[in-house]
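Structure first, commentary second.
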Amino acid sequence: MLKKNILLKIKKLALETDHDVAFGGKSKGNKHLLRVVHVAKFLAQKTGANDFIVIAGAFLHDTALPSGNDYNYLKNKKIVKNLLKHFNLSANELNNIAECVASHEGTITPKTLEAKVVHDADTLEKSGLLGIIRHTWKMTNFKKINHEKVEDSDVDMILCHVEWRRKNLQTPIAKKIGKYLSTPINKQKAKIIVKLSANMAFNGVITEKIALALRKNLNKKENQKLREQLNLGYLKKY
Ligand SMILES: [Fe+2]
Ligand SMILES: [Fe+2]
């Protein structure tokens, strides 16, 4: 089978096993997956990583989510290898794709260039204002945040995670982008963002619509940065 056809099949598999069903179907319609693939392709070009492995890994990176979480390196690997067992991939290809999926959350340091690229593409989604919205979304739907009673400690947890991920960026190009996307924000405004995002996340509203609802709470510069993250306009600068 041609590589292009394999990637089309992998895309279909990722939509069916992650995008359409994760978080009880709440993430359906969210553009996160497609943005990660796009950014991963961009980073692959800039770093010389193998684009077939990177694109396949990016499509499949969150396939462990429906199992409850995607933080466990070995579990992530097992799930994706099982999903790909009838794909006629070489052992090398299978291992390399699985490596990208297994370490994308940064719970272990990514081992290959392709895994670093997929990790960084996902991390850029967890950077800046989009990162605050997306991590709040995930933590609310993991029941780690009570949307009816958002505490200061929840806001600290979200801001810490976003900063931790940015500091763990692996490739020089993504480190530069991460620095650009990181937006200084005071605690009071961060709390407004977390509260609104948690409420909407609980009700199954996708990231893009949360970002729209937040517009009135952000200044011109913050709105522009968030828009650039959503439409990937920032890639043109690199
Ligand atoms: Fe993930
Ligand atoms: Fe992701």
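Just so you know, ligand 1 is whichever comes first in the structure, and atom 1 is the first atom listed for that ligand. Residues take their numbers from the sequence shown, with the count starting at 1.
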**Message:** Can you confirm if the NZ or CZ of Lys26 lies within 45° of the ring axis of Phe202 and under 6.0 Å from the centre of its six-membered ring?
**Reply:** yes
**Identity of the N, O or S atom of Glu105 lying closest to the Fe ion (ligand 1)** = OE2
**Message:** Is the positively charged end of Lys225 above the ring of Tyr180, judged by distance under 6.0 angstrom from the centroid and angle within 45° of the axis?
**Reply:** yes
**Message:** Tell me whether Lys46 is salt-bridged to Asp120, with the criterion being a basic N under 4.0 Å from an acidic carboxylate O.
**Reply:** no
**Message:** Could you check whether Asp154 pairs with Lys144 (Lys NZ or Arg NE/NH1/NH2 to Asp/Glu carboxylate O, under 4.0 Å)?
**Reply:** no
**Prompt:** Taking atom types as modelled, is there a side-chain donor on Asn223 or Lys220 under 3.5 Å from an acceptor on the other?
**Reply:** no
**Request:** Name all pairs fulfilling the side chain to side chain donor-acceptor pair (under 3.5 Å) condition that reach into residues 51-64, sequence neighbours left out, sorted by first residue then second.
**Result:** His32-His61, His32-Asp62, His61-Asp122, Asp62-His104
**Message:** Strictly under 2.8 Å, how many protein N, O or S atoms lie near the Fe ion (ligand 2)? Waters don't count.
**Reply:** 4
